[in-house]
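Report on one structure; see the data block that follows.
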Amino acid sequence: MSKLSIIILAAGAGTRMKSNLPKVLHKISGKEMLYYSIKEAKKLSDDIHIVLFNQHDLVKASMEKYFDGISFHIQDFLNLPGTGGAVMGITPKYDRVLVLNGDMPLIEAQELGKLNFASKDIPIVMTVLELQNADGYGRVIIENSNVKKIVEQKDCNEDEIKVNSANAGIYCFDKEFLLSHLPLLSNTNAQKEYYITDLVEMAINKGLSVVPVSVNEENFKGVNSKFDLSQAEVIHQNRIKKAFMANGITMRLPDTIYIEEDVEIEGDSVLENGVTLLGKTKIISSHIKTNSIVESSIIKNSDIGPMARIRPDSRVESSHIGNFVEVKKSNLFEVKAGHLSYLGDSEIDSGTNVGAGTITCNYDGVNKYKTKIGKNVFIGSDTQLVAPLEIPDNVMIAAGSTVTKNPKSGDLVLSRTPQKSLAGFFDKFFGKKGN
Ligand code: UD1
Ligand code: MG
């Protein structure tokens, strides 16, 4: 297959998003919309151009976090507005040029590849959606299986507005045709913009063909509003979950589960309803129970939750984490922490039991400190471990202790105040109750 250059249009303001954030930086499944366009484009091309205008520094910096080798261009938006203006001044490397919109996060490389046959005689191959209602789209007038012209909604006459063939906004051009005809565009239309779609009529007038390729509406969904964004995310989430289920991951009520783009799940893992997996999380042969959240952590051969929260940079292996346990930046190996605990900046080793209500006091208001706990430590309920602290192997900590000093292996640590019982106090305080 002949090589392609790709231009992604992302200069628009996206006013209908009603947000200060540029449209293409709104996220679905944890990544900016433009990330997905570039990711798919990279599968087809090593010559990728992105056209920016609004907050271009921010958009560029956001994408450079993920990709290199991309050319960024700033559109002369004031003098040359519109999708045609956006493409002017770019010199693509290859003979065919695919033009994409940056606000279509659901496109897939494999489907875009089907457009890769533009030539001297067919200078434009374009995507067409057959819709019940083409409201908001440019209408594609097709005669004898060839495109005759594209009319923007605002420029449609009574008959054209009723056409259900819509321009999905993605085209493959013959480079020579594109570069020689862009300078001929004019802005004599309702929006006073330079339309890329006017190139279609120019090709037809020269006796050349413009071939329509029907595409799946779901993949070419454009995002223009917060509602569109939410719908695109639902479709994207379904794709992510379907792929995991095809690999043998069990999901209970998958519609209630949220999994971000970079998450990996392996082995015979189970996700119950309401589970949220964020960032670079990796789940290996584990059971994540109802309403638990795991962010950028590794969970291996463990069970988590219900209602547990594993915060970034944790590694939990062969462990049991129960309800209302929060773990942050900690490394747990063969540990049981069944209930109501906070384990932050800690390392806990094999055979250790963390009693209900155990808290690592890792922060003194200025700095964070580490808690290191060895093997076979029994931590009684309601223990505060004031970091920095090192508990060696084989230590028992009595319930209710506040531990501030490192014990020795084999110790019982007991720091609670001795119990006092004052006989008869109840009746004196409350008066006699009952008989
Ligand atoms: C465009 C098409 C329309 C098609 C629709 C599909 C034109 C004239 N119309 O209309 O036929 O049905 O897409 O979604 O092309 N952009 C720039 N610079 C600009 C203007 C737009 O980079 O000056 C970018 C936008 O950021 C966006 C894309 O181009 O990513 C499409 O622009 P948009 O304004 O959404 O075009 P539509 O009016 O939807
Ligand atoms: Mg649009």
Side-chain angles (χ1 to χ4, degrees), residues 6-17 19 21-26 32-38 41 49-56 59-60 63 72-90 98-107 124 126-131 133-142 147-156 160-161 163-171 173 178 182 185-202 210 212 215 217 219-225 228-229 232:
I6 299 185
I7 301 175
I8 303 176
L9 307 185
T15 44
R16 282 173 285 171
M17 296 298 275
S19 166
L21 193 67
K23 175 159 87 171
V24 292
L25 294 188
H26 286 269
E32 299 83 353
M33 285 198 275
L34 187 56
Y35 163 88
Y36 295 103
S37 308
I38 300 177
H49 303 261
I50 318 260
V51 182
L52 302 175
F53 178 72
N54 284 287
Q55 299 185 63
H56 51 82
V59 180
K60 183 169 180 266
M63 291 303 113
F72 292 91
H73 305 262
I74 296 161
Q75 184 178 350
D76 180 1
F77 201 80
L78 301 179
N79 296 312
L80 300 166
T83 47
V87 181
M88 289 177 191
I90 297 176
L98 188 71
V99 178
L100 305 180
N101 289 349
D103 59 359
M104 291 183 172
L106 299 170
I107 48 167
I124 308 175
M126 60 170 289
T127 47
V128 177
L129 299 167
E130 293 301 337
L131 301 174
N133 176 358
D135 193 40
Y137 287 93
R139 306 300 201 276
V140 187
I141 316 298
I142 299 176
V147 177
K148 207 172 140 228
K149 64 174 174 175
I150 304 176
V151 194
E152 289 310 296
Q153 172 149 318
K154 287 183 181 151
D155 302 302
C156 277
E160 288 161 344
I161 201 106
V163 170
N164 291 330
S165 300
N167 172 20
I170 292 184
Y171 325 83
F173 290 97
L178 180 68
L182 277 174
L185 289 178
S186 80
N187 65 347
T188 50
N189 51 53
Q191 300 183 93
K192 302 249 174 309
E193 288 185 359
Y194 295 85
Y195 292 164
I196 200 168
T197 46
D198 287 350
L199 294 172
V200 169
E201 221 170 334
M202 290 184 189
V210 175
V215 292
E217 188 188 350
N219 296 354
F220 287 80
K221 202 173 168 56
V223 171
N224 291 307
S225 65
D228 292 343
L229 186 74

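Starting from 1, each residue takes its place in the sequence as its number. Since this is a predicted model, take the numbers as computed values, not measurements. Just follow the structure's listing: the first ligand is 1, and inside any ligand the first atom is 1.
Looking at R16 next to ligand 1, no N or O pair under 3.5 Å apart turns up. Some N or O of G138 is nearer than 3.5 Å to an N or O of ligand 1, by distance alone. At a 3.5 angstrom cut-off on N or O pairs, A11 counts as close to ligand 1. Considering both main-chain and side-chain atoms, N224 never comes within under 3.5 Å of ligand 1 through any nitrogen or oxygen pair. Checked against a 3.5 angstrom limit, the closest N/O atoms of Y137 and ligand 1 fall outside it. Every N/O-N/O distance between Y195 and ligand 1 stays at or above 3.5 Å.
Looking at N101, I170, I8, it is N101 that brings a heavy atom closest to atom 31 (C) of ligand 1. One option in P81, G82, G12 has a heavy atom closer to atom 20 (C) of ligand 1 than any other, and that option is G82.
Remark: K221 pairs with no residue by the salt bridge (charged side-chain N to carboxylate O under 4.0 Å, His left out) rule, at least two apart or across chains.
Numbered from 1 in the order shown, with element, the atoms of ligand 1 that lie under 4.0 Å from a heavy atom of A86 read 17 (C), 18 (N), 22 (O).
Ligand 1 has at least one atom lying under 4.0 Å from a heavy atom of A10. Remark: distances from the non-hydrogen atoms of A166 to ligand 1 are all 4.0 Å or more.
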